[in-house]
Amino acid sequence: MPLAVLVALLMSLPLLGTVVTGSGWWAAAAAMMTAAAAASALYRLSGRSSLAVPFLQLLAAGAVATPLFAAHTGWLGLVPTGETVSALYLLLDQGIDDIDFSPPPVTASTGVMFITALAFTALTVAADFLAVTARCPGLVGGPVLAILAIPLTVDDTGVGAGAAVSAATGFLLLLAADMWLRGRQWGTRVPDGSGPSVRLLNALRRAAVVTVSIAVAAAASLVVPLSIPFLGSGFLYLMAEGVSQGPRGPEVITTTNPMSSLERNVLSLSDDPVLTYSTDAEKPEYLRTHVLDEFDGVNWTMSPVDAEEERRVRGALPLPTDWRSGTGGDTVSTRISLDPDTPPMDFLPVPYWPRALEAPGEWYTAPETLAVFTTESGSTGLNYTVVSATDEPSAAELAATGPARSAPQHYLSLPEALDPRVADLAEDVTEGADSPHAQAIALQEFFTGDSFTYTLEPSPVPGGRDLLTHFLLEDRTGYCQHFAGAMAALARHLGIPARLATGFTPGERSEEGHWTVTRADAHAWPELYFEGMGWIRFEPTPSSPDAQGTATVPDYTSDDPPERDPAEETERPEASETGTDRESAPSADESGGAAGDGATASPSAAFGQDTDRGVPSWLPAVGAALAAVLLLSCLPALVRALLRGSRAAALSSGPPTAATHAAWRELCATSTDLGIPWDPAESPRATAARLTATTDPPAPARDALLRLALAEEAARYAPAPAPVHGVGADLRTACAALAAVSSRWDRARALLLPRSLAPWRRGTPRPAPSPA
Amino acid sequence: MSLGTQHGGQGGVHTDVGAVVAAADRIRHAIGTVIEGKPELLRIALTVLLAEGHLLIEDVPGVGKTMLAKALGQAVDCSVQRIQFTPDLLPSDITGVNVYHQDRNAFEFSPGPVFANIVLGDEINRASPKTQAALLECMEERQVSVDGRSRTLERPFMVVATQNPSDMEGTYALPEAQRDRFMARVSVGYPAPQAELDMIDSHSARSPLADLAPVSTSSQIRHLAEQVGAIHVAPGMRRYVVDLVNSTRTSPDLHLGASPRATLHLVRAARAYAALDGRHYIVPDDVQALAVPVLAHRLILAPEARMERMSAEQVVAKLVSRLPVPGPQ
C-alpha cells in the first residue's frame, strides 16, 4: 500500500511541469519520496504500531536529502551533520527567494529542487498516513489537488492534459490497490452461480443507478446555486494578490497577479498583438489596466475592490479624485479591440483619464483608481470604446501645487522596515527641490540618469536583501516594474502620494489612426498625486533598445518651460534621455556637494512620522491579543458559571427530583473542581461518608452533606421520593465546607480551570462489561 | 446522626418496614448476647433469614459457627434440628424413612431432621456427596421426596450449614450446584480481644444459650419475609445488579461466573438488607455490602488469578469498585 501511495504521487509530479522548468528537478523529489515510501513499507512489515511511521519516513527522506543536496557537509557525504542542517536551511532560503522573485515558471535551481522535493516528501508522508494508517485512500485526493492547485494559482496557463490524466490515473490506481488489498483480506469472492446474462443485467442496472445519481448530483449542483439569489451576481467582489473571492458564496474568481503577468509579458519580448485600437489622438495615452496601491516592501499589490451595483459602469465613468473642474473639455475617443488570441482580461486596458466606456458585459469601476474590471470571466476578442480626457496639466500648474492633503493616507504608507539608506537616498536626490513637483521630477531624472541600466535580466537579489534596497543602492539594473516601484516608494517617502499602474504603452502606429499593442509593450509606471491636479503619470524607466520602446516621458515632468517642439519631446525616448542626462548631472552634483538645512531637517521629520505611525500600529494589536487571552482564560469559568446557573434554576424551580439531582451534580462538579476525587462507582451515601471522612468538615456541613446524599439516594431509587426542603441551603453549606478545606491554589484552579469541564477528569461512568 | 439509621423517604407506603426493623433489632439483640462483637455477621444472617435463603458459615473450628446457628433458631422460637454430618451419614438420615408398623400393618413416614424451620447442618462438608445431594433438593424445592411421595416443608425453612475450609483434613468440597443454593456465605472470624475476654466471663458458668429467650415466632418471620418481598427495586438498581453479576461472567480473573440464580438471590438479599435498614427501596449500598457474601462462594477463580493468590472475595470487591452506580433516571 505505501508503494501504491508512492506511485500515485509520482504520477502527479508532472502537474508541476508548467511551473518548474529545467530537467531533472523531479529526480530529487522522486528519490526522497521513494525513500519515505520504502521506510513506510519496510517498517510496516514489522507489524509494530504505525504511529511511528511518519517520523521514520521523515528520517529516511532526510537521510537521502543529505547526499543529494548537501553531500559536501555530511560525513562521508552520507551521514548528516550539524553543518548539513544549516546548509539545507540556506538552500531552503535561496529556493524561497528564487520562487518569490522570479516570474513563473521558475527555473529549477538547487533551492527550488530542494523545496519541491521537500514538499513532495511531506505530501508523501501525509498521503501515506491517510491511505495506510488511517485507511482512507480517498483522502489522498487532497494532497493531489494541492499539487494541482499550484500551477493553477500562480499561472494562468493551466496544466497539460497529459499531466492531469497521469495524476488522475495514479489516484485511481491507489484506490484500486486499496480495494484489491481489502478484498484479499476478506477472502475470495464466492461465485454467485448465476449465468453471464444475469451478471450483465446486474452490471447494467448498477451502471444505470450510478448514471442517474451523477445526473441528479450535477443537476442539483447547477440548480441550487442559481436558486440562491445573491450567488448569481457578483455581489461583493474581493480581489487581492491574484485571487479574488466572493465571500458570500462559492464563486471564486481567479485572476492572475498583475505583476507576474506583467513580468511574463515584458520578458516574453513577444510581438504577439494584445490589442489594436484606433484613436483620433495624435499622441495616445498609456493604456492602463491595474492600479496597485499597497506596498509591503517587496511587492506592490492591489487592495480589494468591490463590485457593487452603484459602481457598475453605465456609459459615463465617475469623476476621478480631485478632478479639475472647468477642464475636461477636450476628449478623444478610442476604439479598442482585444486580440482574440490573448488570454481573457478581467481588467480592461483603458487610456487615462477615462470619462465614458461602452463595452458589452458587466463592468465595474473603482472611483479612486478608475480601473475597469468585471466579475465575470473576462472575454477575449472584446471590442469597446473609451472616451478619455486628454488635457494634461502643464508643468507650471503642477509646480504651483503644494503638499497633497486630500489623497487617502494609505497612498503614503510604507513598510516599517524601510532601509534608512533608501530614505537618505530620497532626501539626497531631491536636494533643493522645493515643491512636490520638483521633487518628482528630480526622482524621475535620477532614475533615467546614467546610474541606472535597463535590462531584462537583472542580477538576482542575494539572500537577506530586499529587492528595493538592492535595486536602489547596489545593483541599479532592472526593468520597468523595478523603476516604477522604486520611484513610487521614494515618492511616498517624500510625502507625495504614489501608486503603481500597470498596463501597456501606446504601441506602434500601424497606419493612420490605428495602433497595435504587443505583449512586449506591457509596462508599469508610477502615478503621483498632486493637490488639485489628481493622479499624474511619471516615467522613470530609462529607454532602451530592448523594450518599452514606445514609452514616453510626459511633458509636464520637465522643469523646462515647454518651449521645445512637442513632437520631438514625445518622440523616441533617446531624445528625453539626453535631456534627462543634462539635468540629472547638476542635481547629482548638488546632492553630493552640500547637505542643506532642508536635507537635515526632513529625514528627522520623516522618521518622526514613521514612529508616530508605528506606536499605534502595534499597540492595538497587543491590546487585542491581551483581551483575547483574557477572554479565552475566562471562558472555562464562564462556562462553569453558566452550568451552575442552570443548575441553580433547576434547584429553585424544577420538580423536587430534578432539584435534588441538580444539587447532587453541582456538588459533584464542585468537588471535582477542587480536586477531591469523585468515584462513579460510589453510591451517594458512600460518597458523603467519604467526603466527611477525608475533609472533616464542621458538623453543620456534615449534616448537610448527609441530607444531600440521602435526598439524592431517595430521588434515584425510591418509588415515590418525599419532597425535600432546604436542598439549596444544604448545597451551599456543603460546597462552602469543601472549599474551606481546600488549598488556595485548588480554589483558584477551581475558579479558572474547573476540572469538572474536562470529561476525562470527571470520572465518566464506564459502560458495564457486556456479556461475552 | 449516623448513616445506619437513616430512614429515607416515606416508610410504610407498601410495606411495614418499621415492624421489620423492630423485630430484627430484637433478634439481633438477643443473639448479640451469645455472639459478641460481630454485628455485620448477625446482620447478614438476619438478611438471609428474612430473604428466605440458606446460609453457609465457613470457618475454622471453634469460632462459634454452631453457636450462631443455634442462637438464631432459639431467638426466633421455631423448631431447630441439628444434623451432624459425618462420612457415614446416609440421605435417609436427613430426609427420614418409611417405617413398617406391624400393629397397623402399614408403612409410616418417620420425618428426618430436615423437617424443621431451621436446620443446622454441622460440618456439612464431612458427609459424602450423596448425602450432600439429599440436602440439595430440600434446600431448593423446600420439599422432601421419599419413596415417590413429596412432602412440603414448613416455612420459614432455612438451612444454616457450617463447614470447615475445604483444604482441611477429611472434607469433601461442596459441589458447585450445592454452593449455588446457599444465598450467602459468611465466615465468623476470630473475636476481637475484648469480645474474647467477655466471652470467658459469659461462658464460664453456664452456656449463654440457656438464657436466650425467644423474641419472635415463626409466623412473625413469615410475615416479615412477605414484607421484604414488597421492597421497591428501581429499574436502575435492577440493571445494576444484572451488570454486576454479568461482570463476574466476563471477568478474566474468573473461570466460572455467578448464575442467574445468584442474581435473584442478590436482589432478594438486598431487599431484606434494605428492610433491616428501615428503607422500603434498595440502594447500591445494599448490593455492594452483599456482593461478597452472596457472590463470592459461587465463583471459581481462573488459574491465573489463583496463581496470583487472589481470592474470589477480592475479585468481587474489585468488580464492585469499578461498576458505576445507577445515576438519575
Side-chain angles (χ1 to χ4, degrees), chain A residues 647 650 654-666 668 677-693 699-724 762-772, chain B residues 1-11 13-15 17 230-252 254 257 260 270 274 277-289 291 317-329:
Chain A
R647 287 185 191 134
T657 320
T660 312
H661 289 329
W664 189 251
R665 239 179 260 130
E666 176 61 28
C668 164
W678 192 273
D679 186 358
E682 216 170 31
S683 67
R685 193 185 280 246
T687 305
R690 181 176 52 81
L691 286 181
T692 308
R702 203 176 306 162
D703 291 347
L705 261 176
L706 188 57
R707 276 195 298 273
L708 278 176
L710 292 175
E712 170 69 5
E713 182 184 274
R716 281 188 193 180
Y717 309 123
V724 192
R762 206 160 40 200
T764 43
R766 278 152 303 186
S770 55
Chain B
M1 200 188 277
S2 87
L3 282 176
T5 57
Q6 277 301 302
H7 295 232
Q10 303 139 289
V13 176
H14 309 289
T15 58
V17 285
I231 295 287
H232 176 73
V233 181
M237 285 309 303
R238 291 165 205 227
R239 178 88 217 166
Y240 182 64
V241 170
V242 170
D243 285 344
L244 181 59
V245 173
N246 227 332
S247 67
T248 65
R249 296 170 194 161
T250 52
S251 166
L254 295 175
D277 202 22
R279 262 181 286 112
H280 61 282
Y281 54 89
I282 71 169
V283 296
D285 306 78
D286 300 330
V287 177
Q288 289 173 355
K318 193 171 84 180
L319 293 174
V320 166
S321 74
R322 285 190 181 168
L323 187 66
V325 300
Q329 296 299 310

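Every chain is numbered from 1, with letters handed out A, B, ... down the list of sequences. These numbers come from a predicted model, not from an experiment.
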Engineer: Looking at every non-hydrogen atom in both residues, tell me the closest pair between B/V320 and A/A681 and how far apart they are.
Structural biologist: O-CB, 3.9 Å
Engineer: Which answer fits B/V233, side chain, backbone, both or neither, if we ask what part of it has an atom under 4.5 Å from a heavy atom of chain A?
Structural biologist: neither
Engineer: With respect to chain B, which residue among A/S683, A/A658, A/A711 yields the maximal number of heavy-atom pairs within a distance under 4.5 Å?
Structural biologist: A/S683
Engineer: Where does B/I282 contact chain A at under 4.5 Å (heavy atoms): side chain, backbone, both or neither?
Structural biologist: backbone
Engineer: So what's closer than 4.5 Å to chain B heavy atoms on A/E712: side chain, backbone, both or neither?
Structural biologist: side chain
Engineer: Heavy atoms only: give me the nearest B/A234-A/R716 pair and the separation to one decimal.
Structural biologist: CB-O, 4.2 Å
Engineer: Would a 4.5 Å heavy-atom cut-off, applied to side chains only, mark B/Y281 and A/E713 as touching?
Structural biologist: yes
Engineer: Given that the side chain runs from C-beta out, which part of A/R665 has a heavy atom under 4.5 Å from chain B: side chain, backbone, both or neither?
Structural biologist: side chain
Engineer: Using every non-hydrogen atom in the two residues, find where B/V325 and A/E682 come nearest and quote the distance to one decimal.
Structural biologist: CG2-O, 3.4 Å
